[in-house]
Asker: 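Quick one: the structure is below, and I'll ask about it shortly.
All of these numbers come straight from a predicted model, not from anything done at the bench. Chain naming here is simple, since letters A, B, ... match the order of the sequence lines and numbering starts at 1 in each.
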Amino acid sequence: MAKNIIVPAVKGTREFYPEEMARRNYIYEKVREASQSFGYQEWDAPYLETLELYAAKSGEELVKEQAFTFKDRGGSQITLRPELTPSLARMIAKKQRQLVYPLRWWSFGPFWRYERPQKGRSREFFQWNIDMLGPNSPEADAELIAVAAKFMQSVGLSPELARIYINNRGLMDSEFDKLAIPTESRLMVSNLVDRRSKMKADAWEKYALEAGLSEPQLDGLVALLENKDIWKEWDDLVRLFTALDALGVSDYVEFDPNVVRGLLYYTGTVFEAFDVSGSVRRSILGGGRYNNLLADVGGDPLSAVGFAMGDVVAGIVLEENGLIPEFEPSPAPVLVTVFGEEFSAESYALSAELRAAGINVSTYPEVTKMKKQFKFANKMGMRIALIVGSDEVENAEVAVKNLMSGEQVKVARAQVPEEIQKMLASD
RNA sequence: GUGGCUGUAGCUCAGCUGGCAGAGCACCUGUCUGUGGAUCAGGAUGUCGCGGGUUCGAGCCCCGUCAGCCACCCCA
């Protein structure tokens, strides 16, 4: 069949055939609903940015190893955006005095990272970003977590399926102080904590000692990571959980001292949502409070909290839990068949009439056997087929066949739009 | 960047110690000359990822390469 060699798609990209496109749009739609229900405004930034923008704050790995960069014709280093936050910071900084606070913004768009594709990771992906800027309160943090919970709930991810795990960097730092872990070791300890769930206990302990922890520090760290009640000693967390309770999302949230988040810029609350039992061990979404970012990029200090969700992991989790809505191939539920050459004008006129009545309609675009036309309607998941043949034209009627039930009735031509609307509304 | 697994029909895959390239599904035609989704009958379909090597002979063995998947790293 394929005599010619098909040029392959770029590694790590995904091709969106209609079925995949429907899934992507479904996620986008639910993201929009959740964001807007809390009053967040949709915005977007350029997809192309200068490499310089990321140098200021993003991790080295992200910029040096994972950015897609190229020189444009003028010689500037251009990057396909690997994340959104630096663009957000710039756009806020540029209009910092004109914007209205608390500022609530959300965005859903493409991002690129040059990394090895694997389960839950591609080189081109979509990401939901949502942030609140201005306030610095546990209640603001709780709102973002509630937005995440609302999204999860709206796509059918119940608390039994997915959960949001919460911690606070301030609490951890204060505990690290008590264990006399020096500031320069904090990053190492964060990585250690991150890795704990992926390693066997004894291997992890050995690794921790090799990384420079003393025996008492290790014991203290383990005790800390297993203490599910320590949040009660941290005022911000007490307020956060109180607010989450009031927001009605306490079923979705859980304190977990093991959540530290790799990124350096988080300053307070951090959280991450995971599939409770699925095969993806990656986070569905993650975020937290980052109060220093605006000042770091040259703006006036401004507090912020937000999170990001990639569409790849989210899509896998929904898929594995059977939560993707059934795909309807044709956006038009009605097919107008073409009976023969001499009747095609009738069919097109009828189609136009139905469209004018607000009904989505496809007309079969060539003259062929009825069998083929019906087969097409069936495969496209259409619900109604119309026939305008010699008998029908003679009697000013249209044969209306319900493809779900198989029933077929003759309807007076003038009544057709109304009849179809009734049929479409009935199920 | 490191390591492992896999590339055979449109899809999912089988293919024995190296010996004529297969199945199921999907597709097309007919049974049914105004009607789909069921049954039955028939039919078409291949750069065995690509390049080289070994061999009388390679889908199978060896080397290389590309791609996909999985894990690590990092992270959405």
Asker: CZ of F343(A) versus C1' of G34(B): gap in Å, rounded?
Answerer: 10 Å
Asker: Where do W128(A) and F151(A) land on the ring pair (Phe, Tyr, Trp, His ring centres under 6.0 Å) test, with the steps shown first?
Answerer: CA-CA 11 Å; W128(A) 174 26; F151(A) 168 81; 5.3 Å; yes
Asker: May I ask you to say whether R186(A) pairs ionically with D173(A), meaning some side-chain N is under 4.0 Å from a carboxylate O?
Answerer: yes
Asker: At 4.0 Å (heavy atoms only), tell me whether E392(A) reaches a base, stays on the sugar-phosphate, or touches nothing.
Answerer: base
Asker: Would you sort out whether W105(A) and Y40(A) count as a ring pair (Phe, Tyr, Trp, His ring centres under 6.0 Å), showing the intermediate values?
Answerer: CA-CA 5 Å; W105(A) 282 6; Y40(A) 286 69; over 10 Å; no
Asker: OP1, OP2 of U2(B) versus side-chain N and O of R116(A): anything below 4.0 Å?
Answerer: no
Asker: Checking contacts here: which listed nucleotide (A76(B), G34(B), G68(B)) is nearest the side-chain heavy atoms of I387(A)?
Answerer: G34(B)
Asker: Would you say the side chain of K371(A) and the base of G34(B) hold a donor-acceptor pair, judged only by whether the two atoms sit under 3.5 Å apart?
Answerer: no
Asker: Does the ring of F339(A) lie flat against the base of G34(B), closer than 5.5 Å centre to centre with planes under 30°?
Answerer: no
Asker: K401(A) side chain: which of G30(B), U35(B), C70(B) is closest?
Answerer: U35(B)
Asker: Would the F126(A) and F111(A) ring centres measure less than 6.0 Å apart?
Answerer: no
Asker: Confirm from the modelled atom types if N378(A) and G36(B) form a donor-acceptor pair under 3.5 Å, side chain to base only.
Answerer: yes
Asker: Hey, is the side chain of Q408(A) pairing donor to acceptor with the base of U35(B) inside 3.5 Å?
Answerer: yes
Asker: Under 4.0 Å, counting only non-hydrogen atoms across every strand here, what does K379(A) touch: a base, just sugar-phosphate, or nothing?
Answerer: sugar-phosphate
Asker: Which part of the nucleic acid, if any, lies within reach of A377(A) when heavy atoms closer than 4.0 Å are counted: base, sugar-phosphate only, or nothing?
Answerer: nothing
Asker: For the base of A76(B), is there a side-chain donor-acceptor partner from E115(A) under 3.5 Å away?
Answerer: yes
Asker: Among U35(B), A76(B), C74(B), which nucleotide sits nearest the side chain of Q127(A)?
Answerer: A76(B)
Asker: Which residue, G120(A) or K375(A), contacts RNA chain B at a nucleotide closer to its 5' end, judged by nearest heavy atom?
Answerer: K375(A)
